[in-house]
**Q** 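Dumping the structure here so I can ask a few things about it.
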Number of protein chains: 2
Amino acid sequence: MDTITIKDIARALNLSTSTVSRALRGSYEINPETKRLVMEYAERLNYRPNPIALSLKGSSSRAIGVIVPQIANYYFSQAINGIEAIAYNRGYHVIIFQTHESYEREVANVQQAVARKVDGLLISLSSETSDVSHLKELQQKNLPLVLFDRVSDELDVTQVVADNFGGAFAATEHLLQAGRRRIAHLTIPPWISITQERLAGYRAALEKYGVPFDENLVRYGTFGPDEAGQMVDELMALDPRPDAFFTASDRLALGCLAALRQRKVAIPDEVSLIGFTNLHVADLLSPSLSTVVQPAQEIGQLAAERLIELIERKHRAAPVGTVKVPTELVVRESSRATSVTPVP
Amino acid sequence: MDTITIKDIARALNLSTSTVSRALRGSYEINPETKRLVMEYAERLNYRPNPIALSLKGSSSRAIGVIVPQIANYYFSQAINGIEAIAYNRGYHVIIFQTHESYEREVANVQQAVARKVDGLLISLSSETSDVSHLKELQQKNLPLVLFDRVSDELDVTQVVADNFGGAFAATEHLLQAGRRRIAHLTIPPWISITQERLAGYRAALEKYGVPFDENLVRYGTFGPDEAGQMVDELMALDPRPDAFFTASDRLALGCLAALRQRKVAIPDEVSLIGFTNLHVADLLSPSLSTVVQPAQEIGQLAAERLIELIERKHRAAPVGTVKVPTELVVRESSRATSVTPVP
DNA sequence: TTGTACGCGTTATCAC
DNA sequence: GTGATAACGCGTACAA
């Protein structure tokens with residue numbers, strides 16, 4: 001006999017299960033003496049209510065589901081870290097699902113999460129996802145939902161994202177101010193929300209400095225392995241060739257860096273390189289690489305906070321809106337960061 | 001009315017819930033006609049059994065718990081990736097818990113996992129954990145348990161680890177063969193299982209080449225931020241100073257690299273550097289850094305496979321033993337890997 | 001103030 | 001071959 005139930009307590013104290021249940025929940029109409037007795041006994045036997053039974057009963061499961069494209073990815077693992085931190089000290093557990101960038105698996109994961117009676121869902125869309133009807137169903141079920149990072153305009157839900165426009169603008173502007181004019185942009189699939197925002201920031205900065213936008217300088221990857229090498233090859237074959245690279249992910253920054261080194265292109269003398277990465281990866285990369293730092297952990301934290309708010313105020317008006325988390329431009333000219341500019 | 005239950009089907013088809021249940025499970029003693037009817041109806045309404053109810057009923061919850069020190073860590077996020085992949089196509093879900101290297105949280109997480117009726121538990125011990133009685137309790141409850149990476153000798157359970165001894169031996173031998181004799185070892189807390197194994201490999205290689213072991217050259221970190229800097233300072237102040245560094249983690253390798261660069265120590269001309277890292281991080285680090293690659297994903301996969309075996313054969317003899325996953329030594333002399341030596 | 005009875009979704013057991 | 005019933009652990013209307 002190991003896991004102890006309310007029934008055990010009732011039997012031991014010669015009470016009914018309902019009395020014990022009420023005492024444990026600190027109900028009003030209950031004899032303080034009985035209450036004390038029950039509490040003490042429960043404490044002593046280290047009683048824990050069975051969360052499964054609670055979920056079945058229909059009340060909250062104290063668990064939130066998190067659906068991300070991949071865990072083995074610095075951005076998402078940091079975001080999950082932030083989520084878990086908030087969830088933990090609010091008494092929630094985190095059940096994690098990976099879509100592996102597959103729409104089908106995303107749908108399956110949503111269903112599973114619902115079946116497991118999560119109290120709410122935190123989702124970052126797979127790159128394959130364009131149809132969001134599986135998420136609209138969630139809203140109809142009145143299940144709290146918050147999107148983060150990879151979001152969708154078609155959904156009227158709370159969304160938490162980095163200031164991708166601002167970050168891209170700041171990065172591009174920095175390159176322009178350094179005298180660069182042929183700035184290549186290596187990015188991820190165009191239909192993902194953040195791609196558009198970054199592209200917009202990039203274009204806005206070009207416009208501000210009167211540099212015409214050249215479609216040939218923009219390349220879209222697909223999360224495949226070693227795409228950057230080919231992109232760099234193609235771009236360096238252009239005439240005139242690029243004098244700067246602005247990349248949209250860790251992977252592309254890394255691939256670009258490696259490709260340029262392999263081709264013996266001097267950084268930053270011949271071409272400048274600046275990437276949208278997170279701080280840790282930026283640290284690992286070359287000291288000559290400036291970065292726009294993605295606030296992954298903060299995004300996770302904010303998303304979790306918003307979700308838990310929604311869960312706990314489920315019956316009041318649901319606050320809907322987009323939360324933009326500022327990004328930071330870290331400029332590294334030599335072996336250490338020379339300036340840190342928060343993007344307003 | 002959204003989620004449909006066995007009861008709904010029974011009502012609609014004028015059957016009893018038990019009949020429907022049996023039909024769904026494909027029981028022998030059942031009218032094929034009825035069975036077909038039920039199946040079709042269930043299919044049409046997209047019926048899914050409620051996993052919560054199943055868990056409460058006492059059978060399997062089709063969920064496995066994973067307890068790791070940290071998610072935002074390449075090693076563990078890759079391991080989790082491997083775990084999730086296996087679990088997913090075996091029909092299990094993964095519930096993740098972080099200990100943040102705290103013994104207290106580890107115990108709490110184990111309790112929570114048990115309360116959530118996971119079918120099995122995959123654990124990598126926190127650095128604070130020395131008492132493993134909370135895990136011994138699990139064994140008494142007959143709950144399948146597999147340890148990975150950070151394991152404990154005091155437990156008679158299946159364990160999956162990298163060949164830390166072999167990796168450390170190969171790394172040290174490589175440095176020795178390159179003529180290094182004062183090899184510093186920057187490592188993690190001594191009471192963690194893998195630390196001892198690596199230290200043993202390091203010492204064994206020294207012995208083989210007749211180089212005396214010098215305790216002063218070994219430094220233990222505590223997962224704190226920027227520890228490597230101070231370690232490098234202290235070590236470089238020694239006389240004679242080290243001519244090589246062998247580090248036990250990504251973080252230490254990175255910190256060491258940064259510290260050496262900052263002190264303008266030429267790598268690998270003045271000192272060699274070799275680290276215990278995973279492939280991705282190794283890629284990010286300097287091209288002159290050789291590494292012992294940790295097979296994080298494979299370890300996760302193997303651990304998950306072993307655990308699921310245990311779960312599904314729960315009533316037969318439990319296979320206990322330690323699985324050692326080979327490590328690889330990747331030697332980088334110039335800008336790319338020049339040789340890859342699997343450690344036997 | 002406390003006890004009885006029921007229901008959440010499912011399966012196992014026993015009866016028919 | 002099928003149906004009624006109990007049970008898993010808990011909370012709560014209703015009764016006392």
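Below, chains carry the letters A, B, ... as their sequence lines are ordered, and counting in each starts from 1.
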**Q** Which whole-number value in Å describes the distance from N50(B) CG to dT10(C) P?
**A** 6 Å

**Q** Just wondering, more than 12 heavy atoms not from D156(B) lying within 6.0 Å of its CG?
**A** no

**Q** Please tell me whether F97(B) and H93(A) form a close aromatic pair, meaning their ring centres lie under 6.0 Å apart.
**A** yes

**Q** Rounded to whole Å, how long is the line connecting atom CD1 of I6(A) with atom P of dT12(D)?
**A** 11 Å

**Q** Would you check if the distance from the ring center of Y88(B) to the ring center of H100(A) is below 6.0 Å?
**A**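 Centroid separation for Y88(B) and H100(A): 6.0 Å or greater.
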
**Q** May I ask you to evaluate whether K7(A) reaches the phosphate of dC8(D), defined as a side-chain N or O under 4.0 Å from OP1 or OP2?
**A**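 For dC8(D), OP1 or OP2 has a side-chain N or O of K7(A) closer than 4.0 Å.
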
**Q** Which of these, T99(B), N109(B), I67(B), V107(B), sits in a side chain to side chain contact (heavy atoms under 4.5 Å, CB included) with S126(B)?
**A**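 Of T99(B), N109(B), I67(B), V107(B), side chain to side chain contact (heavy atoms under 4.5 Å, CB included) with S126(B) is met by T99(B) alone.
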
**Q** Can you check the R11(B) CZ to dG3(D) P distance for me, whole Å?
**A** 15 Å

**Q** Can you find a side-chain donor-acceptor pair between E101(A) and S127(A) that sits under 3.5 Å?
**A** yes

**Q** Rounded to the Å, how far apart are L37(B) CG and dG1(D) C1'?
**A** 15 Å

**Q** When the C1' atoms of the five terminal pairs at each end define the local axes, what inter-axis angle does the helix from dT1(C)-dA16(D) to dC16(C)-dG1(D) show, to 10 degrees?
**A**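 The angle separating the two end axes equals 60°.
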
**Q** Would you mind telling me which of dG3(C), dG1(D), dT11(C) lies closest to the side-chain atoms of L15(A)?
**A** dG3(C)

**Q** In this structure, which one of E43(A), R48(A), R44(A) forms a side chain to side chain donor-acceptor pair (under 3.5 Å) with N46(A)?
**A**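 So, applying the side chain to side chain donor-acceptor pair (under 3.5 Å) to N46(A) and each of E43(A), R48(A), R44(A), only R48(A) qualifies.
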
**Q** Using whole Å, what does the distance between atom C1' of nucleotide dC10(D) and atom CD1 of I9(A) come to?
**A**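 The answer, rounded to whole Å, is 12 Å.
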
**Q** Step by step, work out the side-chain contact (heavy atoms from CB on, under 4.5 Å) result for R62(A) and R116(B).
**A** CA-CA 11 Å; R62(A) 304 299 285 183; R116(B) 289 203 174 269; 4.1 Å; yes

**Q** Is the phosphate of dG9(D), meaning OP1 or OP2, less than 4.0 Å from a side-chain N or O of T5(A)?
**A**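 Answer is no, no contact under 4.0 Å.
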
**Q** For the residue pair T129(A) / E106(A), report whether a side-chain donor-acceptor contact shorter than 3.5 Å exists.
**A** yes

**Q** What's the CG-C1' distance between L54(A) and dT12(D), to the nearest Å?
**A**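 L54(A) atom CG is separated from dT12(D) atom C1' by 13 Å.
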
**Q** Would you kindly give the NZ-to-P distance between K57(A) and dT12(D), to the nearest whole Å?
**A**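 Whole-Å distance recorded here is 7 Å.
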
**Q** T19(B) vs S16(B), test: side chain to side chain donor-acceptor pair (under 3.5 Å). Steps then yes/no.
**A** CA-CA 5 Å; T19(B) 308; S16(B) 75; 2.9 Å; yes

**Q** Which part of the nucleic acid, if any, lies within contact of I52(B), taking any heavy atom under 4.0 Å across all strands shown: a base, the sugar-phosphate backbone alone, or nothing?
**A** nothing

**Q** Can you list, by residue number, the residues of residues 17-25 of chain B that have a non-hydrogen atom closer than 4.0 angstrom to DNA chain C?
**A**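 Only S18(B), S21(B), R22(B), R25(B) qualify.
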
**Q** How long is the line joining NZ of K117(A) and P of dC8(C), in whole Å?
**A** 12 Å

**Q** Does dC10(D) have its OP1 or OP2 closer than 4.0 Å to a side-chain nitrogen or oxygen of Y47(A)?
**A** yes

